[in-house]
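Here is the structure we will look at.
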Number of protein chains: 2
Amino acid sequence: MAQRSRPRLVDVAQAAGVSIAAASRALSGAAGVSDAIAGRVREVAAELGYVADVHARTLAGGTSTSVGLLVHEIGDPYFTEIASGVLRVAAQRGLTVQIGHTGRDPDSELAQVRALVANRVRAIVISGSGFVDARVQAPVKRELQAFQDAGGRVAVIGRHHLGADAVLPDNLAGGRSITEHVLSLGHRRIAFAAGPAALTTVADRLAGADQALRAAGMRLADLPVVEEAFTRDGGTRAALRILDEHPRTTAVVALNDDMAIGVLAALRSQGVVVPQQMSVAGFDDVAVAEHLSPALTTVRLPMAGMGEQALLLALKEPSARPRRRSTDHHLVVRESTAPPRP
Amino acid sequence: MAQRSRPRLVDVAQAAGVSIAAASRALSGAAGVSDAIAGRVREVAAELGYVADVHARTLAGGTSTSVGLLVHEIGDPYFTEIASGVLRVAAQRGLTVQIGHTGRDPDSELAQVRALVANRVRAIVISGSGFVDARVQAPVKRELQAFQDAGGRVAVIGRHHLGADAVLPDNLAGGRSITEHVLSLGHRRIAFAAGPAALTTVADRLAGADQALRAAGMRLADLPVVEEAFTRDGGTRAALRILDEHPRTTAVVALNDDMAIGVLAALRSQGVVVPQQMSVAGFDDVAVAEHLSPALTTVRLPMAGMGEQALLLALKEPSARPRRRSTDHHLVVRESTAPPRP
DNA sequence: ATGAAAGCGCTAACAC
DNA sequence: GTGTTAGCGCTTTCAT
């Protein structure tokens with residue numbers, strides 16, 4: 001096992017019979033080298049299998065070629081699609097992406113941000129809901145501010161108040177749309193399967209729901225909002241509780257598709273037929289929503305596009321004031337919602 | 001915009017009134033510092049918001065704190081779950097992970113490997129099928145060999161012949177199991193919705209199918225194997241072709257769940273009722289498989305576990321000969337398969 | 001236990 | 001156009 005180290009720039013320069021400066025310029029495509037030398041250097045480099053050390057290059061003052069992406073959990077299809085968008089843009093630009101889980105835990109998020117900062121990434125994209133309580137994310141905010149002061153760039157998806165460019169999913173209007181839809185079908189005994197109220201995403205979607213309800217002369221406060229984890233299992237537990245505590249419910253609005261999938265599973269296990277005995281709606285329109293049983297009525301958000309937008313924003317020159325890009329949303333009516341039985 | 005750069009080790013050392021050597025030792029937890037000094041340094045560092053520069057650290061000879069993960073497409077649930085496992089282990093070990101898309105394209109794969117090598121990652125995990133034709137991946141193999149010779153570690157998931165530690169999903173036996181299941185239901189006019197035959201995963205799963213068929217006195221060569229992209233859309237196209245070219249088919253075995261989802265969608269659009277008029281089986285048991293309409297009969301592979309295993313292998317001391325870890329598989333019978341109608 | 005100093009491999013001034 | 005050289009911020013001998 002040779003443990004022979006990789007060729008360095010000196011090796012290439014020597015083999016090509018030029019100085020390391022010339023070699024460096026030739027390889028980074030900078031001006032100030034004759035085509036003849038540039039060509040030879042590149043040839044020799046390819047022959048030797050030379051690959052420049054990113055650490056040395058970055059340390060020496062070259063700009064960083066990597067960006068960071070933080071998601072709550074890559075297994076959640078919502079984040080998967082966002083990540084896909086980010087990776088696409090990064091690949092186009094020849095950027096490397098470092099990805100980290102935050103698990104919706106502020107401490108873990110802080111640790112991940114620190115790691116990215118230590119890696120001197122060019123930009124950080126943070127996706128996923130923040131917390132309603134601003135104090136919880138104060139340490140992260142401070143860290144991000146320092147990062148930006150030192151020339152780093154930050155873009156967030158779906159959270160506010162972080163002093164950075166933001167892509168804002170249409171949670172409020174989406175919450176209104178899906179609730180209007182359920183109301184228009186004739187439902188009045190509606191229950192919400194919600195994630196933790198501390199998440200801004202949950203708060204925003206519920207606020208939208210409240211708007212729709214008020215327009216119909218009702219109030220969210222009078223309806224059951226069952227709080228569980230913002231996951232498939234959380235949806236299952238929420239549905240079970242709704243069945244148990246509010247048996248006359250005719251429609252469940254889940255605050256994301258993942259929970260809706262859990263709701264569907266719970267209802268099936270309890271022999272409740274959707275949509276005949278219970279309507280179910282989701283939020284996000286993840287890729288599988290249309291393939292579920294029954295196909296899920298939901299609100300479509302352009303997740304992959306949000307990921308692309310966010311990285312694009314972060315790669316742009318910073319503006320004096322944080323930029324905001326709001327997305328649109330589309331109500332997608334499929335088979336899981338229907339009028340209540342008389 | 002201050003552009004004020006981040007505090008460096010010198011700043012910490014100065015503020016604590018010690019040499020940078022002492023500060024370095026204190027922060028990296030190395031031996032040779034009095035507890036008093038170590039404590040003070042850490043305190044000051046925290047106060048200043050000091051975070052060591054990974055590039056400088058790595059360049060100076062510290063070991064790299066990041067690992068690379070290559071997937072075909074993070075949006076594919078198969079890879080999503082693998083990635084999830086990798087991220088979990090990485091987080092536990094305090095490692096950063098760089099992720100890249102290869103898009104099942106050898107050139108792009110080579111570029112991604114180079115990027116990871118340039119980043120001096122400690123280990124590279126490559127997931128996803130390789131190509132049956134060894135020549136196609138020769139350049140990547142060479143690059144990986146050089147990386148390993150220089151002390152880097154590599155682990156692959158689901159491919160062979162790369163001279164590295166490997167986690168091998170039970171594709172052959174799984175292909176046999178799912179085919180045996182369909183045969184045992186009484187199906188004889190079976191069609192396969194396959195990905196490109198050039199992928200080893202496809203080849204292995206088909207080989208398993210052939211074994212099962214031969215045991216039943218049949219041969220794969222006599223059955224339709226429709227080749228399309230190894231994706232949801234590919235599944236849709238495959239199903240349409242099967243309906244068109246082999247209308248008497250009673251069961252479709254898709255070679256991964258993503259294709260099976262596409263098959264299900266195509267059949268629904270054509271008014272073919274599953275499983276009454278057509279049985280459908282998948283492979284992988286991705287998270288949503290059980291929530292599909294109808295719930296999918298498939299072969300479960302421990303994807304997240306495979307991701308964990310792979311990174312764990314890559315983080316271990318290298319062995320003289322490449323290690324191999326084979327996974328198990330479980331036939332999961334749900335609602336999408338049933339006996340053919342008489 | 002502590003500090004001084006020599007690099008790690010590269011880029012970017014700066015000379016020529 | 002080409003080469004020389006001074007760092008980038010850190011870890012690690014090697015003295016003390």
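Each chain gets a letter, A, B and so on, in the order its sequence line appears, and its residues count up from 1.
With distances taken from any side-chain atom of A:L59 to the nucleotides C:dT11, C:dA12, C:dG9, the minimum falls on C:dG9. Here the side chain of A:V33 is nearest to one of C:dT2, D:dT2, C:dG9, namely D:dT2. Taking every side-chain heavy atom of B:A22 into account, C:dG3 is the closest of C:dG9, D:dC10, C:dG3. Closest to the side chain of A:S19, out of C:dG7, D:dG3, C:dC10, is D:dG3. When distances run from any side-chain atom of A:R8 to the nucleotides D:dT11, C:dC10, C:dA12, the shortest one goes to C:dC10. Checking C:dA12, C:dT11, C:dT2 against every side-chain atom of B:I37, the shortest atom distance belongs to C:dT2.
Remark: of the listed residues B:V121, B:I99, B:L116, B:I126, B:I99 is the sole one forming a side-chain contact (heavy atoms from CB on, under 4.5 Å) with B:L69. Each of A:R324, A:Q309, A:E308, A:R323 was scored for a side-chain contact (heavy atoms from CB on, under 4.5 Å) with A:V167, with one residue passing: A:Q309.
Each end of the helix from C:dA1-D:dT16 to C:dC16-D:dG1 gets its own axis, taken as the rotation carrying the C1' atoms of four end pairs onto the next four within a five-pair window, and the two axes meet at 40° to the nearest 10 degrees.
Classification of B:R325 and B:D165 as a salt-bridged pair fails, no side-chain N sitting under 4.0 Å from a carboxylate O.
To the nearest 0.5 Å, atoms CD (A:Q148) and CD1 (A:I124) are separated by 8.5 Å.
Ring pair B:H55/A:H55 is tilted by interplanar angle, where 30° to 60° counts as tilted.
The residue B:A30 sits apart from the nucleic acid: no heavy atom pair falls under 4.0 Å.
Each of A:L9 and B:A21 was assigned the nucleotide of DNA chain C with the nearest heavy atom; the assignment lying further toward the 5' end belongs to B:A21. Residues B:G32 and A:A56 both approach DNA chain C. Their nearest nucleotides, taken by heavy-atom distance, put B:G32 toward the 5′ side.
With a 4.5 Å cut-off on side-chain heavy atoms, A:V41 and A:V18 count as touching. Considering only heavy atoms from C-beta on, B:V44 comes within 4.5 Å of B:L48 through its side chain.
B:E73 and A:S84 share a side-chain donor-acceptor pair at under 3.5 Å.
Distances shorter than 4.0 Å separate none of the side-chain N or O atoms of A:S24 from OP1 or OP2 on C:dC10. Between A:T58 and C:dC10 there is no side-chain polar atom (N or O) within less than 4.0 angstrom of OP1 or OP2.
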Review item, nucleotides 14-16 of chain C N/O atoms under 3.5 Å of protein N/O:
none

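Listed by chain and number, the residues in a ring pair (Phe, Tyr, Trp, His ring centres under 6.0 Å) with B:F147 amount to none (sequence neighbours excluded).
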